[in-house]
Amino acid sequence: MTTHAPQAAQSVTLPTTLDEAVAALAAVPTAVPVAGGTDLMAAVNSGQLRPAALVGLGRISEIRGWQYQDGHALLGAGLTHARMGRPDFAALIPALAAAARAAGPPQIRNAGTLGGNIASAAPTGDALPVLAALEATLIIAGREGARREIPVSHLLAGVDMLRGGELIGFVRVPLLHAPQVFLKATGRTGPGRAAASVALVLDPARRGVRCAVGAIAPMPLRPLDAEHWVARLIDWDNSRTIVPEALTAFGEYVAAACIPDPAPEPDGSVAPLPPAVLHLRRTVAALARRALGRALS
């Protein structure tokens, strides 16, 4: 990925287990974990980051696969986007597979990992709105074999951060066995960084709709009122049908919730949204409308 890494770090540790990696981080508090390095090494090469030491996670086999666990999928943080994009994984969690396939060119998909996407918490991370919509849970590995669980939304919102010497080990995702959709707009042809993205999943068991909008804010946004409103309009007993007008209204509801109008001026007037913001709102509305339409089709 880079020719500058050897000069950037004084030492590189290559553990083979999750607990060894945690111990290495605890031994050198200034060490930085690295898996695919798609974000980290870009920061190193640009001079934004000069880690004193690196802890490579590429040899930890236990976090590079997945398994079934009590109606959930337990995903290793070391899963690459390329692996998640394959058909067998797509049959398991379709929206996450779609996000993985849209993550960028092959060299990025082959290197970038699920855990790295979460830990870097870049607003444009394609997996983040999917995990938010799925209400995924992170399993955090700590010292001396300790494990704790936190909702992915808590980490992304800064409510519960990683502590010193901790690593994201696994991601627990509920298997809903229902349609899931991920869409994104890049502003140009081909894969690239999202200008806006929408993940939408149906939860027939609870007769619910879960939606998350990515890339337009520091963390994925959940338009909860829009979710509850549209879920009541779906005929869950009749092939999950909905009137076409409701699709358009849902898109507008989501967009207005995530990109609200400016606050009124003292005289009661409301300034119009800038053209770029208005365009972004229309983009989010279109993505949300299409995502729900595809999920219900």
Side-chain angles (χ1 to χ4, degrees), residues 38-39 75 79-82 84-85 89-90 93-105 108-109 112-136 151-153 155-157 171 173 176 178-203 209-224 226-227 230 247-248 250-260 276-297:
T38 54
D39 290 326
L75 312 179
L79 277 171
T80 64
H81 298 304
M84 291 187 291
F89 191 93
I93 312 174
L96 192 53
R101 290 193 293 266
I108 295 296
R109 298 197 305 271
T113 63
L114 177 61
N117 213 217
I118 299 168
S120 63
T124 54
D126 292 319
L128 303 186
V130 178
L131 296 175
L134 289 169
E135 297 180 348
V152 67
S153 58
L155 179 67
L156 298 177
V171 182
V173 177
L176 301 177
Q180 306 173 8
V181 178
F182 171 80
L183 299 174
K184 80 175 186 178
T186 63
R188 60 182 186 272
T189 59
R193 291 190 179 274
S197 61
V198 169
L200 187 140
V201 301
L202 300 183
D203 189 350
V209 175
R210 301 210 291 268
C211 176
V213 179
I216 67 171
M219 61 169 288
L221 304 177
R222 286 281 302 276
L224 297 177
E227 294 177 3
V230 79
L247 292 176
T248 300
F250 173 71
E252 298 293 340
Y253 202 160
V254 169
C258 296
I259 308 176
V277 177
L278 185 60
H279 175 72
L280 185 60
R281 181 194 268 189
R282 290 171 177 165
T283 300
V284 171
L287 291 175
R289 180 185 72 246
R290 293 170 187 169
L292 180 60
R294 293 186 186 184
L296 295 175
S297 63

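Fair warning: this is a prediction, and the values are worked out from it, not measured in the lab.
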For Asp203, which of Leu176, Val209, Leu134 qualifies under side chain to side chain contact (heavy atoms under 4.5 Å, CB included)?
-> Leu176

What heavy-atom pair brings Leu96 and Val130 nearest, and what distance separates the two atoms?
-> N-CG1, 3.6 Å

Considering non-hydrogen atoms only, spot the tightest contact between Ala133 and Ala212 and give its length.
-> N-CB, 3.9 Å

Can you measure from OH (Tyr253) to CD (Glu227) and round to the nearest 0.5 angstrom?
-> 10.5 Å

Looking at Ser153 and Met219, what are the two nearest heavy atoms and their distance?
-> O-CE, 4.3 Å

Sorted by chain and residue number, the side chain to side chain donor-acceptor pair (under 3.5 Å) partners of Asn117 (sequence neighbours excluded) come out as none

Residue pair Arg294, Leu183: steps toward the side chain to side chain contact (heavy atoms under 4.5 Å, CB included) verdict = CA-CA 10 Å; Arg294 293 186 186 184; Leu183 299 174; 3.2 Å; yes

How long is the gap from CG on Leu287 to CG on Leu292, to the nearest 0.5 Å?
-> 12.5 Å

Could you tell me whether the side chain of Lys184 and the main chain of Ala102 form a donor-acceptor pair under 3.5 Å?
-> yes

Supply the atom-to-atom distance Leu278 CG to Ile259 CD1, rounded to the nearest 0.5 angstrom.
-> 9.0 Å

Least distance between heavy atoms, Phe182 atom then Pro129 atom | CE1-CG, 4.1 Å

Quick one: list whatever passes side chain to side chain donor-acceptor pair (under 3.5 Å) with Thr124, sequence neighbours left out.
-> Arg193

Report the distance from atom CZ of Phe89 to atom CG of Leu75, rounding to the nearest 0.5 Å.
-> 4.5 Å

Any idea which heavy atoms bring Leu202 and Ala295 closest together, and the distance?
-> CD1-O, 3.6 Å

Are the side chain of Arg210 and the backbone N or O of Val201 linked by a donor-acceptor pair below 3.5 Å?
-> no

Can any side-chain N or O of Arg109 pair as donor or acceptor with the backbone N or O of Gly104 at less than 3.5 Å?
-> yes

Is there a side-chain contact between Arg289 and Glu252 (heavy atoms, below 4.5 Å)?
-> no

4.5 Å side-chain heavy-atom contact, Val198 and Val181 | no

Student check: side-chain heavy atoms of Leu128 and Ile118 closer than 4.5 Å | yes

Under the side chain to side chain donor-acceptor pair (under 3.5 Å) test, which residues partner Ser120, sequence neighbours left out?
-> Asp39

Could you walk me through whether Ile216 and Leu221 pass side chain to side chain contact (heavy atoms under 4.5 Å, CB included), step by step?
-> CA-CA 9 Å; Ile216 67 171; Leu221 304 177; 4.0 Å; yes

Which atom of Pro220 lies closest to which atom of Ala132, heavy atoms considered | CB-CB, 4.0 Å

